[in-house]
Novice: 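Structure incoming, see below.
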2 protein chains.
Amino acid sequence: MLTDDAGSAGSTRSRRRPRGSLNQRVILDAAFAVSERGGLDAVTFQALGAELGAHPTAVYRHFRDKDELLLAMIDALHAETLAELPEPTSDWAADLAAIARHMHAVFVRHPAVAAYSYRTARREHEYQMVERVIDCMRRAGLDDRDAARLYRVFSDVSLGYSALDAGLASLDPVTRNADLLSWEIQYRALPPGQYPNIAAIAHALPALDDPDNFTTAVDLMIEAIRGRAAAPRDPNAPRADPAQPQAPW
Amino acid sequence: MLTDDAGSAGSTRSRRRPRGSLNQRVILDAAFAVSERGGLDAVTFQALGAELGAHPTAVYRHFRDKDELLLAMIDALHAETLAELPEPTSDWAADLAAIARHMHAVFVRHPAVAAYSYRTARREHEYQMVERVIDCMRRAGLDDRDAARLYRVFSDVSLGYSALDAGLASLDPVTRNADLLSWEIQYRALPPGQYPNIAAIAHALPALDDPDNFTTAVDLMIEAIRGRAAAPRDPNAPRADPAQPQAPW
DNA sequence: ACCTGAACACCGTTCAAGT
DNA sequence: ACCTGAACACCGTTCAAGT
């Protein structure tokens, strides 16, 4: 005997939601739905209210503020990546490439949120991603110090590059095409006298959004990690003072 | 005989600006001043008006809209990088590292703007940065196709990583410290049974904002570029169809 | 406990009006 | 040509009130 008028007339989303049916999961789904249509800027409390069939400020009962909602959306990206990731194999390099490729794919699929993902989510699924990358680094044969450093660098490069590609993908079509075309046309029209190197290789320039750019970056990182795992550490590199024992974590 | 009341009382920024003294240069300086104090969100037309001693909408005479202003700010970052960059030497690898390091330094110095720099500025100073990076790639001995691809990847990694670090730096102090501390504390408190690899190398984890992270990323890229320049191209890699001649750009 | 209504102090952008 | 004033359709967040 709810005041629910489902099935009758009314605009697309104005169905009234029964009391108590609002929760973080439902709100997150609504936030992604809105962001997919109009970008992250479209994720306003008013839009969420309309999408959910609730009052705009009802969301405040479930997320302290907008930042809290954003961090939950970022963690959802990590969750989606993990869900699609195949089990680790015996090949650390292949596993590392798979992690990066899947993360990139998920980010580009949800560009509006991904463009904001320089924030540390500090949530469960982010921890699990970290765990898997460090696992690869240790299996590569790196010592703790290199494993820790290169985990961080590999993750940051993958994240930063994915965010970059997502940022491009999340632009409104008009702006994005202007950015993309500037590489197809504008750069090839630059005066060769002033820009001789651009002119010389303009014929080979990959598109700004060529997905091979990212995979090449990942390949380069793995090649370099392989080299470092094989080579002995540079004796000139700064070292932790041996008089200070390692902390007992 | 201007209606200028300089020197008398009045609030910090309310000096009235003489007609005709507004231009893109002056507005850009004001925009950076505002963004340095309160982040990019603080760069509103009202704030610009107050900073300039002019009506908020006066800016519209000089920039079509806010996007146009933002792109000009990004190009200003490239200009600042170029201004601080030493002349190229005979060592392409050192030159490449210098370009990346200077760009990163400028980005972290202007974090609010840099966090938005996934946009292609399509302006003079961006062109000059591109020219210099491609120059290094060609001096490394790469053929046109590799020079073009690796220019793009190296630039994107440098840009993406710099934007990531800038994003972290541009957070308000409270939020930033929460993100930073999560690596100092939260990650070391994770259950070792569930996260064995994190636990194993937690003692060696670099800080989220450790500048060596970025330089390590640059070093890895250069090591891999050096490897590719030395090695003959992989014959199994996909190749352009030799029946299709190169476009005559 | 969960949600709504109304209010507050903001935004970017447009457009007619002033000088 | 350059700048101002007023208006429009929005924002996130707070808080008292309803159920």
Side-chain angles (χ1 to χ4, degrees), chain A residues 1-5 13-28 30-31 34-35 37-73 112-113 116 119 171-172 174-175, chain B residues 1-5 13-28 30-31 34-35 37-73 112-113 116 119 171-172 174-175:
Chain A
M1 208 48 60
L2 303 151
T3 50
D4 186 342
D5 60 345
R13 290 280 174 188
S14 60
R15 205 173 322 154
R16 195 156 207 89
R17 173 171 287 279
R19 216 181 159 76
S21 72
L22 228 49
N23 56 55
Q24 296 210 359
R25 176 77 263 142
V26 169
I27 294 171
L28 274 177
V34 172
S35 78
R37 289 198 301 268
L40 203 58
D41 287 347
V43 181
T44 67
F45 285 90
Q46 338 223 86
L48 284 176
E51 182 78 19
L52 292 162
H55 193 274
T57 65
V59 175
Y60 278 99
R61 224 12 80 177
H62 304 272
F63 291 96
R64 189 159 44 75
D65 55 18
K66 204 172 179 187
D67 190 57
E68 201 76 15
L69 175 62
L70 253 4
L71 288 181
M73 293 180 83
V113 184
Y116 192 69
R119 288 298 306 283
L171 295 172
D172 67 289
V174 174
T175 310
Chain B
M1 198 75 35
L2 301 151
T3 49
D4 188 341
D5 59 343
R13 290 279 175 190
S14 59
R15 207 173 321 154
R16 196 159 208 89
R17 173 171 288 280
R19 218 182 157 77
S21 72
L22 228 50
N23 56 56
Q24 296 210 3
R25 176 76 263 142
V26 168
I27 294 171
L28 274 177
V34 172
S35 78
R37 289 198 301 267
L40 203 57
D41 288 346
V43 181
T44 68
F45 286 90
Q46 339 223 84
L48 285 175
E51 182 77 19
L52 292 162
H55 194 274
T57 64
V59 175
Y60 278 100
R61 223 13 78 176
H62 304 271
F63 291 96
R64 191 160 41 75
D65 55 18
K66 204 173 178 186
D67 191 57
E68 201 76 12
L69 175 61
L70 252 4
L71 289 181
M73 293 180 84
V113 183
Y116 192 69
R119 287 299 306 282
L171 294 172
D172 68 288
V174 174
T175 311

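In this text, all values refer to a predicted model and were calculated from it rather than measured experimentally. Lettering of chains follows the sequences in order, A, B, ..., and the numbering in each one begins at 1. Because only heavy atoms are used, hydrogens play no part in the values below, and waters and symmetry mates are left out as well, while side chains stay in.
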Novice: Could you tell me which residues satisfy side chain to side chain contact (heavy atoms under 4.5 Å, CB included) with D65(A), sequence neighbours excluded, listed by chain and number?
Specialist: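 In terms of side chain to side chain contact (heavy atoms under 4.5 Å, CB included), with neighbours along the sequence ignored, D65(A) is linked to D67(A), E68(A).
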
Novice: R17(A) side chain to A54(A) main-chain N or O, any donor-acceptor pair under 3.5 Å?
Specialist: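 Absent.
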
Novice: According to ring-ring contact (aromatic ring centres under 6.0 Å, His included), who are the partners of F63(A), at least two apart in sequence or on a separate chain?
Specialist: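 ring-ring contact (aromatic ring centres under 6.0 Å, His included) list for F63(A), sorted by chain: empty.
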
Novice: Which heavy atom of V34(A) sits nearest to which heavy atom of A42(A), and what is that distance?
Specialist: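 Heavy-atom minimum between the residues: CG1-O, 3.3 Å.
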
Novice: For L40(A) and dG12(D), give me the distance from atom CG to atom C1', rounded to whole Å.
Specialist: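 Distance, rounded to whole Å: 14 Å.
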
Novice: T44(A): what forms a side chain to side chain contact (heavy atoms under 4.5 Å, CB included) with it, not counting sequence neighbours?
Specialist: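 By the side chain to side chain contact (heavy atoms under 4.5 Å, CB included) rule, T44(A) matches Q46(A), A47(A).
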
Novice: Find every protein N or O atom lying less than 3.5 Å from an N or O atom of nucleotides 6-11 of chain D, and list the pairs.
Specialist:
unit_1	atom_1	unit_2	atom_2	d
dC11(D)	OP2	Q46(A)	NE2	2.1

Novice: In whole angstroms, how far is the P atom of dT19(C) from the CZ atom of R17(B)?
Specialist: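 Atom CZ in R17(B) sits about 21 Å away from atom P in dT19(C).
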
Novice: Tell me the interatomic distance from N23(A), atom CG, to dA1(C), atom P, rounded to whole angstroms.
Specialist: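 N23(A) atom CG is separated from dA1(C) atom P by 18 Å.
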
Novice: With rounding to the nearest 0.5 Å, note down the distance linking CZ in R61(A) to CG in L22(A).
Specialist: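 R61(A) CZ to L22(A) CG: 11.5 Å, rounded to 0.5 Å.
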
Novice: T57(A): what forms a side chain to side chain contact (heavy atoms under 4.5 Å, CB included) with it, not counting sequence neighbours?
Specialist: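 Counting only residues at least two positions away or on another chain, T57(A) forms a side chain to side chain contact (heavy atoms under 4.5 Å, CB included) with H55(A), Y60(A).
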
Novice: Return the CG to NE2 distance between L48(A) and H62(A), rounded to the nearest 0.5 Å.
Specialist: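 L48(A) CG to H62(A) NE2: 12.0 Å, rounded to 0.5 Å.
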
Novice: What is the distance, rounded to the nearest whole Å, between atom OH of Y60(B) and atom P of dT4(D)?
Specialist: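 Spelled out: OH on Y60(B) to P on dT4(D) is 15 Å.
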
Novice: Can you list everything that forms a side chain to side chain donor-acceptor pair (under 3.5 Å) with N23(A)? Sequence neighbours excluded, please.
Specialist: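 For N23(A) there are no side chain to side chain donor-acceptor pair (under 3.5 Å) partners, ignoring immediate neighbours.
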
Novice: Both atom distances under 3.5 Å, Watson-Crick or G-U wobble: I'd like the secondary structure of DNA chain D as a dot-bracket string, with | for pairs made across strands.
Specialist: ||.|||||...|||||.||

Novice: Once you round it to whole Å, what is the distance between C1' of dC2(D) and CD of Q24(B)?
Specialist: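 Answer to the nearest Å: 15 Å.
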
Novice: Could you tell me whether the side chain of V43(B) reaches within less than 4.5 Å of the side chain of V113(B), counting heavy atoms only?
Specialist: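 SC-SC contact between V113(B) and V43(B) ruled out.
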
Novice: Would you mind reading off the distance between H62(B) atom NE2 and dC3(D) atom C1', rounded to a whole angstrom?
Specialist: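 Going from H62(B) (NE2) to dC3(D) (C1'), I get 8 Å.
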
Novice: What is the distance from CG of L48(B) to C1' of dG12(C), rounded to the nearest Å?
Specialist: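 After rounding, the gap between these two atoms is 12 Å.
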
Novice: Grab the CD-C1' distance between E68(A) and dT13(D) for me, whole Å please.
Specialist: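 Computing the E68(A):CD to dT13(D):C1' distance gives 15 Å.
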
Novice: Which value, rounded to the nearest 0.5 Å, describes the distance between L40(B) atom CG and K66(B) atom NZ?
Specialist: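 Going from CG on L40(B) over to NZ on K66(B), the span is 6.5 Å.
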
Novice: Just the table, please: protein N/O against nucleotides 16-18 of chain D N/O, every pair under 3.5 Å.
Specialist:
unit_1	atom_1	unit_2	atom_2	d
dG18(D)	N2	R19(A)	NH2	3.2

